[in-house]
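Since the structure comes first, as C-alpha coordinates, the remarks are kept for the end.
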There are 2 protein chains.
Amino acid sequence: MLSKKSQYAFKALTYLADRYEKGPVLIAEIAKKKKIPLKFLENILLELKKAEILDSKKGKGGGYFLRKDPAKVKMATVIRLVNGPIAMLPCVSLYFYERCKNCDEKHCGLHDMMIEVRDATLHILENRTLRDLQ
Amino acid sequence: MLSKKSQYAFKALTYLADRYEKGPVLIAEIAKKKKIPLKFLENILLELKKAEILDSKKGKGGGYFLRKDPAKVKMATVIRLVNGPIAMLPCVSLYFYERCKNCDEKHCGLHDMMIEVRDATLHILENRTLRDLQ
DNA sequence: TACTTACCCTACCAAAAAAGTAGACTTATA
DNA sequence: TATAAGTCTACTTTTTTGGTAGGGTAAGTA
(Lines give C-alpha, C1' and ligand atoms only; values in the text may rest on other atoms or scores of the structure.)
Protein backbone atom coordinates (compact mmCIF):
# COMPACT_ATOMS: atom_id res chain seq x y z
CA MET A 1 0.00 0.00 0.00
CA LEU A 2 1.05 3.57 -0.62
CA SER A 3 1.90 5.35 2.63
CA LYS A 4 0.04 8.45 3.73
CA LYS A 5 3.18 10.39 2.90
CA SER A 6 2.94 9.20 -0.70
CA GLN A 7 -0.68 10.17 -0.92
CA TYR A 8 0.16 13.63 0.44
CA ALA A 9 2.97 13.90 -2.09
CA PHE A 10 0.63 13.13 -4.96
CA LYS A 11 -1.96 15.60 -3.74
CA ALA A 12 0.69 18.31 -3.52
CA LEU A 13 2.19 17.44 -6.90
CA THR A 14 -1.22 17.50 -8.53
CA TYR A 15 -1.82 20.94 -7.06
CA LEU A 16 1.52 22.15 -8.38
CA ALA A 17 0.94 20.52 -11.76
CA ASP A 18 -2.28 22.52 -12.10
CA ARG A 19 -0.20 25.67 -11.52
CA TYR A 20 2.75 24.74 -13.68
CA GLU A 21 4.60 27.83 -14.97
CA LYS A 22 2.37 30.15 -12.98
CA GLY A 23 4.94 31.06 -10.34
CA PRO A 24 5.82 29.74 -6.88
CA VAL A 25 3.12 28.36 -4.58
CA LEU A 26 3.30 28.63 -0.79
CA ILE A 27 3.67 25.45 1.26
CA ALA A 28 1.00 26.87 3.54
CA GLU A 29 -1.40 27.25 0.63
CA ILE A 30 -0.94 23.64 -0.47
CA ALA A 31 -1.23 22.42 3.10
CA LYS A 32 -4.47 24.29 3.62
CA LYS A 33 -6.12 23.43 0.31
CA LYS A 34 -5.14 19.79 0.39
CA LYS A 35 -5.51 19.35 4.17
CA ILE A 36 -1.99 18.17 4.78
CA PRO A 37 -0.14 18.82 8.09
CA LEU A 38 2.10 21.80 7.33
CA LYS A 39 5.37 20.61 8.80
CA PHE A 40 4.96 17.15 7.38
CA LEU A 41 4.38 18.65 3.96
CA GLU A 42 7.54 20.77 4.31
CA ASN A 43 9.59 17.59 4.64
CA ILE A 44 7.94 15.97 1.67
CA LEU A 45 8.42 18.96 -0.61
CA LEU A 46 12.02 19.33 0.46
CA GLU A 47 12.63 15.71 -0.43
CA LEU A 48 11.03 16.21 -3.82
CA LYS A 49 13.24 19.24 -4.34
CA LYS A 50 16.39 17.29 -3.50
CA ALA A 51 15.29 14.71 -6.05
CA GLU A 52 15.07 17.53 -8.60
CA ILE A 53 11.37 17.14 -9.19
CA LEU A 54 10.51 20.44 -7.54
CA ASP A 55 12.36 23.72 -7.18
CA SER A 56 11.77 26.57 -4.76
CA LYS A 57 12.27 30.26 -4.21
CA LYS A 58 12.90 31.78 -0.80
CA GLY A 59 11.72 35.10 0.57
CA LYS A 60 8.69 37.14 -0.26
CA GLY A 61 6.90 35.91 -3.35
CA GLY A 62 8.65 32.58 -2.92
CA GLY A 63 7.29 29.06 -2.74
CA TYR A 64 7.51 25.74 -4.54
CA PHE A 65 7.02 24.92 -8.18
CA LEU A 66 7.50 22.01 -10.58
CA ARG A 67 10.94 21.92 -12.11
CA LYS A 68 9.76 20.40 -15.38
CA ASP A 69 6.64 19.67 -17.38
CA PRO A 70 4.20 17.45 -15.44
CA ALA A 71 4.11 15.18 -18.48
CA LYS A 72 7.82 14.48 -17.98
CA VAL A 73 7.56 13.30 -14.38
CA LYS A 74 6.89 9.57 -14.23
CA MET A 75 4.70 8.04 -11.57
CA ALA A 76 7.27 5.30 -11.01
CA THR A 77 9.93 7.87 -10.16
CA VAL A 78 7.79 9.59 -7.55
CA ILE A 79 6.65 6.35 -5.94
CA ARG A 80 10.19 5.03 -5.65
CA LEU A 81 11.23 8.29 -4.07
CA VAL A 82 8.55 8.72 -1.43
CA ASN A 83 7.26 5.19 -0.98
CA GLY A 84 10.20 2.94 -1.74
CA PRO A 85 10.35 -0.21 -3.87
CA ILE A 86 7.61 -0.98 -6.36
CA ALA A 87 8.37 -4.70 -6.50
CA MET A 88 6.85 -7.07 -3.95
CA LEU A 89 10.18 -8.64 -3.00
CA PRO A 90 13.66 -7.17 -2.59
CA CYS A 91 15.10 -9.91 -4.82
CA VAL A 92 13.08 -8.72 -7.83
CA SER A 93 13.47 -4.98 -7.27
CA LEU A 94 15.32 -3.02 -9.93
CA TYR A 95 16.20 -0.02 -7.77
CA PHE A 96 16.27 -1.57 -4.29
CA TYR A 97 17.66 -5.02 -5.09
CA GLU A 98 18.77 -7.33 -2.29
CA ARG A 99 19.75 -10.94 -2.71
CA CYS A 100 17.53 -13.63 -1.19
CA LYS A 101 18.98 -15.68 1.60
CA ASN A 102 18.09 -19.38 1.71
CA CYS A 103 16.67 -19.40 -1.76
CA ASP A 104 18.13 -19.79 -5.20
CA GLU A 105 16.79 -17.16 -7.57
CA LYS A 106 17.40 -19.44 -10.53
CA HIS A 107 14.78 -21.96 -9.42
CA CYS A 108 12.33 -20.05 -7.31
CA GLY A 109 8.72 -19.99 -8.45
CA LEU A 110 7.87 -17.05 -6.23
CA HIS A 111 10.75 -15.05 -7.67
CA ASP A 112 9.55 -15.60 -11.22
CA MET A 113 5.98 -14.74 -10.35
CA MET A 114 6.99 -11.53 -8.60
CA ILE A 115 9.00 -10.50 -11.65
CA GLU A 116 5.83 -10.85 -13.71
CA VAL A 117 3.90 -8.70 -11.25
CA ARG A 118 6.66 -6.13 -11.16
CA ASP A 119 6.78 -5.87 -14.93
CA ALA A 120 3.01 -5.54 -15.25
CA THR A 121 3.03 -2.78 -12.64
CA LEU A 122 5.96 -0.95 -14.15
CA HIS A 123 4.43 -1.12 -17.59
CA ILE A 124 1.75 1.17 -16.19
CA LEU A 125 3.71 3.33 -13.78
CA GLU A 126 6.60 4.03 -16.14
CA ASN A 127 4.16 5.25 -18.75
CA ARG A 128 2.00 7.49 -16.59
CA THR A 129 2.99 10.93 -15.39
CA LEU A 130 1.79 13.75 -13.17
CA ARG A 131 -0.11 14.95 -16.21
CA ASP A 132 -2.36 11.91 -15.87
CA LEU A 133 -3.29 12.93 -12.34
CA GLN A 134 -4.78 16.27 -13.39
CA MET B 1 6.41 -5.24 -0.30
CA LEU B 2 5.49 -8.67 1.02
CA SER B 3 6.14 -8.93 4.75
CA LYS B 4 8.58 -11.46 6.15
CA LYS B 5 5.57 -13.32 7.47
CA SER B 6 4.25 -13.70 3.93
CA GLN B 7 7.56 -14.96 2.68
CA TYR B 8 7.65 -17.51 5.49
CA ALA B 9 4.09 -18.53 4.63
CA PHE B 10 5.03 -19.15 0.99
CA LYS B 11 8.10 -21.14 1.94
CA ALA B 12 6.02 -23.32 4.24
CA LEU B 13 3.24 -23.74 1.70
CA THR B 14 5.72 -24.71 -0.99
CA TYR B 15 7.17 -27.32 1.35
CA LEU B 16 3.69 -28.70 2.04
CA ALA B 17 2.74 -28.60 -1.63
CA ASP B 18 5.74 -30.80 -2.42
CA ARG B 19 4.38 -33.30 0.13
CA TYR B 20 0.72 -33.08 -0.84
CA GLU B 21 -1.17 -36.26 0.06
CA LYS B 22 1.86 -37.77 1.72
CA GLY B 23 0.62 -37.34 5.29
CA PRO B 24 1.09 -34.69 7.99
CA VAL B 25 4.33 -32.74 8.26
CA LEU B 26 5.70 -31.47 11.58
CA ILE B 27 5.86 -27.71 12.18
CA ALA B 28 9.34 -28.31 13.56
CA GLU B 29 10.42 -29.99 10.34
CA ILE B 30 9.23 -27.10 8.20
CA ALA B 31 10.79 -24.57 10.57
CA LYS B 32 14.14 -26.34 10.44
CA LYS B 33 14.26 -27.01 6.70
CA LYS B 34 13.05 -23.55 5.73
CA LYS B 35 14.85 -21.68 8.54
CA ILE B 36 11.76 -20.07 10.00
CA PRO B 37 11.45 -19.22 13.73
CA LEU B 38 9.38 -22.08 15.14
CA LYS B 39 6.87 -20.15 17.23
CA PHE B 40 6.34 -17.58 14.50
CA LEU B 41 5.66 -20.36 12.05
CA GLU B 42 3.15 -21.91 14.45
CA ASN B 43 1.08 -18.71 14.30
CA ILE B 44 1.25 -18.54 10.54
CA LEU B 45 0.20 -22.15 10.02
CA LEU B 46 -2.65 -21.80 12.48
CA GLU B 47 -3.90 -18.77 10.57
CA LEU B 48 -3.72 -20.70 7.31
CA LYS B 49 -5.65 -23.52 8.95
CA LYS B 50 -8.38 -21.15 10.15
CA ALA B 51 -8.64 -19.87 6.59
CA GLU B 52 -9.17 -23.48 5.49
CA ILE B 53 -6.07 -23.64 3.36
CA LEU B 54 -4.34 -26.07 5.67
CA ASP B 55 -5.57 -28.76 7.98
CA SER B 56 -3.81 -30.47 10.86
CA LYS B 57 -3.70 -33.56 13.03
CA LYS B 58 -2.76 -33.48 16.69
CA GLY B 59 -0.83 -36.04 18.69
CA LYS B 60 1.81 -38.50 17.59
CA GLY B 61 2.05 -38.82 13.83
CA GLY B 62 0.31 -35.46 13.53
CA GLY B 63 1.32 -32.31 11.72
CA TYR B 64 0.09 -29.99 9.03
CA PHE B 65 -0.99 -30.71 5.48
CA LEU B 66 -2.66 -28.96 2.56
CA ARG B 67 -6.41 -29.22 2.62
CA LYS B 68 -6.76 -29.20 -1.16
CA ASP B 69 -4.77 -29.56 -4.33
CA PRO B 70 -1.97 -26.96 -4.59
CA ALA B 71 -3.31 -26.09 -8.04
CA LYS B 72 -6.56 -24.96 -6.40
CA VAL B 73 -4.99 -22.47 -3.98
CA LYS B 74 -4.66 -19.05 -5.61
CA MET B 75 -1.75 -16.77 -4.86
CA ALA B 76 -4.13 -13.83 -4.45
CA THR B 77 -5.99 -15.64 -1.68
CA VAL B 78 -2.86 -16.36 0.31
CA ILE B 79 -1.47 -12.85 -0.07
CA ARG B 80 -4.72 -11.25 1.07
CA LEU B 81 -4.73 -13.52 4.06
CA VAL B 82 -1.22 -13.11 5.38
CA ASN B 83 -0.16 -9.80 3.84
CA GLY B 84 -3.36 -7.80 3.49
CA PRO B 85 -4.60 -5.72 0.55
CA ILE B 86 -3.13 -6.21 -2.90
CA ALA B 87 -4.20 -2.78 -4.18
CA MET B 88 -1.98 0.26 -3.60
CA LEU B 89 -4.80 2.36 -2.10
CA PRO B 90 -7.71 1.46 0.20
CA CYS B 91 -10.12 3.22 -2.15
CA VAL B 92 -9.37 0.78 -4.98
CA SER B 93 -9.19 -2.39 -2.92
CA LEU B 94 -11.76 -5.08 -3.63
CA TYR B 95 -11.46 -6.91 -0.32
CA PHE B 96 -10.29 -4.11 2.00
CA TYR B 97 -12.15 -1.15 0.54
CA GLU B 98 -12.27 2.18 2.40
CA ARG B 99 -13.61 5.41 1.03
CA CYS B 100 -11.19 8.29 0.35
CA LYS B 101 -11.57 11.39 2.44
CA ASN B 102 -11.03 14.75 0.71
CA CYS B 103 -11.12 13.25 -2.73
CA ASP B 104 -13.85 12.38 -5.14
CA GLU B 105 -13.33 8.93 -6.63
CA LYS B 106 -15.27 9.91 -9.71
CA HIS B 107 -12.65 12.43 -10.84
CA CYS B 108 -9.42 11.30 -9.30
CA GLY B 109 -6.56 10.51 -11.65
CA LEU B 110 -4.66 8.60 -8.99
CA HIS B 111 -7.69 6.44 -8.25
CA ASP B 112 -8.05 5.45 -11.91
CA MET B 113 -4.38 4.69 -12.25
CA MET B 114 -4.33 2.53 -9.15
CA ILE B 115 -7.28 0.56 -10.48
CA GLU B 116 -5.24 -0.20 -13.57
CA VAL B 117 -2.32 -1.36 -11.45
CA ARG B 118 -4.60 -3.46 -9.26
CA ASP B 119 -6.17 -5.17 -12.26
CA ALA B 120 -2.82 -5.89 -13.90
CA THR B 121 -1.57 -7.40 -10.64
CA LEU B 122 -4.70 -9.43 -10.02
CA HIS B 123 -4.68 -10.75 -13.55
CA ILE B 124 -1.49 -12.52 -12.56
CA LEU B 125 -2.12 -13.40 -8.93
CA GLU B 126 -5.65 -14.73 -9.47
CA ASN B 127 -4.34 -17.08 -12.14
CA ARG B 128 -1.33 -18.46 -10.32
CA THR B 129 -1.45 -21.06 -7.58
CA LEU B 130 0.78 -22.85 -5.12
CA ARG B 131 1.42 -25.31 -7.93
CA ASP B 132 3.36 -22.59 -9.73
CA LEU B 133 5.68 -22.21 -6.77
CA GLN B 134 6.93 -25.79 -6.93
C1' DT C 1 21.12 47.93 6.34
C1' DA C 2 17.23 46.25 8.66
C1' DC C 3 13.06 43.85 8.42
C1' DT C 4 10.08 40.44 6.84
C1' DT C 5 8.87 36.44 4.36
C1' DA C 6 9.32 31.78 3.43
C1' DC C 7 12.03 27.80 2.73
C1' DC C 8 15.80 24.77 5.28
C1' DC C 9 17.55 21.79 8.77
C1' DT C 10 18.08 19.01 12.98
C1' DA C 11 16.07 16.73 16.35
C1' DC C 12 12.64 14.61 18.67
C1' DC C 13 8.21 11.96 19.94
C1' DA C 14 4.21 8.77 19.87
C1' DA C 15 1.43 5.40 17.81
C1' DA C 16 1.08 1.49 15.11
C1' DA C 17 2.70 -2.47 12.73
C1' DA C 18 5.89 -6.20 12.16
C1' DA C 19 8.66 -9.72 14.09
C1' DG C 20 9.46 -12.79 17.46
C1' DT C 21 8.95 -15.27 22.24
C1' DA C 22 6.90 -17.81 26.42
C1' DG C 23 4.30 -20.94 28.57
C1' DA C 24 0.35 -23.34 29.75
C1' DC C 25 -3.37 -26.23 27.61
C1' DT C 26 -5.69 -29.71 24.74
C1' DT C 27 -6.07 -33.75 21.97
C1' DA C 28 -4.67 -38.05 19.81
C1' DT C 29 -2.16 -42.17 19.64
C1' DA C 30 0.63 -46.02 21.13
C1' DT D 1 -1.34 -43.18 30.87
C1' DA D 2 2.80 -41.23 28.92
C1' DT D 3 4.14 -38.67 25.26
C1' DA D 4 3.87 -36.26 21.00
C1' DA D 5 2.15 -32.50 18.64
C1' DG D 6 -0.91 -28.82 17.61
C1' DT D 7 -3.73 -24.70 20.14
C1' DC D 8 -4.27 -20.60 22.58
C1' DT D 9 -3.37 -16.26 25.12
C1' DA D 10 -0.43 -12.98 26.08
C1' DC D 11 3.60 -10.51 25.99
C1' DT D 12 8.06 -8.20 24.33
C1' DT D 13 11.04 -6.01 21.09
C1' DT D 14 12.17 -3.61 16.97
C1' DT D 15 11.08 -0.96 13.02
C1' DT D 16 8.29 2.08 10.43
C1' DT D 17 5.09 5.68 10.03
C1' DG D 18 3.14 9.97 10.97
C1' DG D 19 3.69 14.01 13.09
C1' DT D 20 5.78 18.07 15.97
C1' DA D 21 9.09 21.82 17.62
C1' DG D 22 11.95 25.39 16.96
C1' DG D 23 15.60 27.75 15.40
C1' DG D 24 18.56 28.76 11.01
C1' DT D 25 19.26 30.81 6.55
C1' DA D 26 18.45 33.02 2.12
C1' DA D 27 16.03 36.43 -0.59
C1' DG D 28 13.44 40.24 -1.46
C1' DT D 29 11.97 45.22 -0.09
C1' DA D 30 11.86 49.56 2.10
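The chains referred to below are lettered A, B, ... by the order of the sequence lines, with proteins before strands, and numbering in each begins at 1.
When rounded to the nearest whole Å, the span between CD of A/Q7 and P of D/dT17 equals 13 Å. In this structure, A/L2 atom CG and D/dG18 atom P are separated by 11 Å, rounded to whole Å. A straight line from CG of B/L48 to P of D/dG6 spans 14 Å, rounded to a whole angstrom. Taking atom CE of residue A/M1 and atom C1' of nucleotide D/dT17, one finds them 14 Å apart after rounding to whole Å. The nearest whole Å value for the distance from the NZ atom in B/K32 to the C1' atom in D/dA5 is 17 Å. If you take NZ of B/K4 and C1' of C/dA17, they are 15 Å apart, rounded to a whole angstrom. Atom C1' of nucleotide D/dT20 and atom CD1 of A/I44 are separated by 14 Å, given to the nearest angstrom. In this entry the distance linking CG of B/L16 with P of D/dG6 reads 11 Å, nearest Å.
Where DNA chain C pairs in unbroken runs of 3 or more (Watson-Crick or G-U, both distances under 3.5 Å), the stems are C:1-30 with D:1-30.
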Contact string for nucleotides 7-12 of chain C, one letter per nucleotide 5' to 3', B = base within protein heavy-atom range under 4.0 Å, S = sugar-phosphate only, - = neither, reads BBB---
Given B/L130 and B/L133, is the side-chain contact (heavy atoms from CB on, under 4.5 Å) satisfied, shown in steps?
CA-CA 5 Å; B/L130 294 184; B/L133 293 181; 3.9 Å; yes
With salt bridge (charged side-chain N to carboxylate O under 4.0 Å, His left out) as the test, would you mind laying out the steps for B/K34 and B/E29 before giving the verdict?
CA-CA 8 Å; B/K34 294 295 186 175; B/E29 179 185 337; over 6 Å; no
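To the nearest 0.5 angstrom, B/R128 atom CZ is 12.0 Å from B/I79 atom CD1.
For the pair A/R19 and A/Y15, the cation-pi test (distance below 6.0 Å, angle within 45°) is passed.
Taking a 6.0 Å sphere around OH of B/Y95, one finds it holds 12 or fewer heavy atoms contributed by other residues, nucleotides or ligands.
The backbone N or O of A/T129 sits less than 3.5 Å from a side-chain atom of A/D132, completing a donor-acceptor pair. Side-chain N or O atoms of A/T14 include one that pairs as donor or acceptor with a backbone N or O of A/F10 at under 3.5 Å.
Residue B/Y8 places at least one side-chain N or O under 4.0 Å from the OP1 or OP2 atom of C/dG20.
The existence of a salt bridge linking B/R80 and B/E126 is confirmed by a sub-4.0 Å separation between a basic side-chain nitrogen and an acidic carboxylate oxygen.
In this structure, a donor-acceptor pair under 3.5 Å is present between the side chains of A/K49 and A/S56.
For the pair A/L38 and A/K60, both in contact range of DNA chain D, the more 5′-proximal nearest nucleotide belongs to A/L38.
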